[in-house]
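These values consider heavy atoms only, across backbone and side chains, with no hydrogens, waters or symmetry-generated copies. Throughout, a chain's letter reflects where its sequence line sits, starting with A, and its residues are numbered from 1.
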Amino acid sequence: AQSVTQLGSHVSVSEGALVLLRCNYSSSVPPYLFWYVQYPNQGLQLLLKYTSAATLVKGINGFEAEFKKSETSFHLTKPSAHMSDAAEYFCAVSRVGTASKLTFGTGTRLQVTL
Amino acid sequence: GAGVSQSPSNKVTEKGKDVELRCDPISGHTALYWYRQRLGQGLEFLIYFQGNSAPDKSGLPSDRFSAERTGESVSTLTIQRTQQEDSAVYLCASSGRNSPLHFGNGTRLTVT
């Protein structure tokens, strides 16, 4: 079975500050890992994905995430937060070879303040 | 091109009534998923269709929930005898071969 744990249901940062959203995974087989963003009243959009190539993955809107097998982590970062980054962020995991069937974390709501 | 389309966007129904939620996937996408998102919670997998294979229904919470898909097109999720705990946003997603999921904007279901 696979699962992800997102630490912190709410994170608040100042505009211009570093964004760090934490995700730890559990998987008995090599995983694919994803970060999705959900803006209010919208569906989910893919931010980035790890599919066993480079461990540092760059996504849209300046976000990136690093796969660390030793720590079973896939934390999402952005050097400088912008007001438009305020949204809900979901980490997700799937089995290698079944990239579409995802198990999601409970989400982290990012608030960006002036 | 058009994305995943879900209708209605909002549905208010009385406890005990049946509801049907519709999903139009992206053309050519063979895989279609339904997820449920309760307030303040993550996404809960409900059901998965892949081409002509038997659907994976392992996430359906009870026999009041069912879903159909005609070929590789439209899917409907039916909830019979709705209960208040069914209130949630129901998200549909589709994907093609080796592509990530594309989500619709969801149907917000409120059971009163």
Side-chain angles (χ1 to χ4, degrees), chain A residues 1-11 21-26 31-53 57 59-60 63 65 87-111, chain B residues 2-11 21 23-26 28-51 53-59 72 88-110:
Chain A
Q2 298 175 294
S3 65
V4 288
T5 301
Q6 292 185 241
L7 299 176
S9 59
H10 289 83
V11 170
L21 304 182
R22 299 178 185 274
C23 173
N24 288 88
Y25 70 90
S26 173
Y32 286 166
L33 292 158
F34 305 79
W35 276 99
Y36 280 82
V37 61
Q38 184 179 33
Y39 298 103
N41 300 314
Q42 295 186 25
L44 279 69
Q45 301 174 32
L46 180 67
L47 269 180
L48 50 79
K49 61 180 179 180
Y50 165 77
T51 56
S52 73
V57 182
I60 62 172
F63 284 93
E88 186 103 23
Y89 291 80
F90 292 93
C91 183
V93 62
S94 72
R95 293 169 61 95
V96 170
T98 58
S100 292
K101 186 173 181 179
L102 302 179
T103 300
F104 285 87
T106 53
T108 297
R109 182 168 298 279
L110 176 65
Q111 180 181 20
Chain B
V4 177
S5 177
Q6 291 188 246
S7 61
S9 55
N10 282 282
K11 176 71 177 179
L21 312 181
C23 173
D24 281 276
I26 292 173
H29 278 188
T30 57
L32 186 147
Y33 296 81
W34 285 97
Y35 286 88
R36 178 168 70 179
Q37 185 178 23
R38 287 180 163 141
L39 186 64
Q41 298 186 23
L43 276 71
E44 177 186 5
F45 166 76
L46 297 177
I47 189 169
Y48 162 54
F49 296 91
Q50 174 60 274
S53 302
D56 178 352
K57 303 180 181 180
S58 61
E72 295 183 353
V89 175
Y90 289 82
L91 289 166
C92 176
S94 69
S95 70
R97 183 180 176 86
N98 295 323
S99 72
L101 291 182
H102 294 261
F103 282 83
N105 288 340
T107 293
R108 183 176 300 278
L109 175 66
T110 303

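The minimum heavy-atom distance linking Gln38(A) with Leu91(B) is given by the pair NE2-CD1, 4.3 Å.
Of the atoms belonging to Leu43(B), heavy atoms from both backbone and side chain fall under 4.5 Å from chain A. Contact annotation for Leu44(A): both backbone and side-chain heavy atoms come within less than 4.5 Å of a heavy atom of chain B. Neither the backbone nor the side chain of Gln50(B) comes within contact range of chain A, judged by heavy atoms closer than 4.5 Å.
Atoms CD and OG1, from Gln37(B) and Thr106(A) in turn, are 11.0 Å apart once rounded to the nearest 0.5 Å. Remark: Ser95(B) OG to Leu102(A) CG distance equals 8.5 Å, nearest 0.5 Å. Here CZ of Phe103(B) is found 5.5 Å from OH of Tyr36(A). Values are rounded to the nearest 0.5 Å.
For Leu39(B), the CG atom counts as loosely surrounded, since its 6.0 Å shell holds 12 or fewer non-hydrogen atoms of other residues, nucleotides or ligands.
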* Can Leu101(B) and Phe34(A) be said to form a side-chain contact (heavy atoms from CB on, under 4.5 Å), step by step? -> CA-CA 10 Å; Leu101(B) 291 182; Phe34(A) 305 79; over 6 Å; no
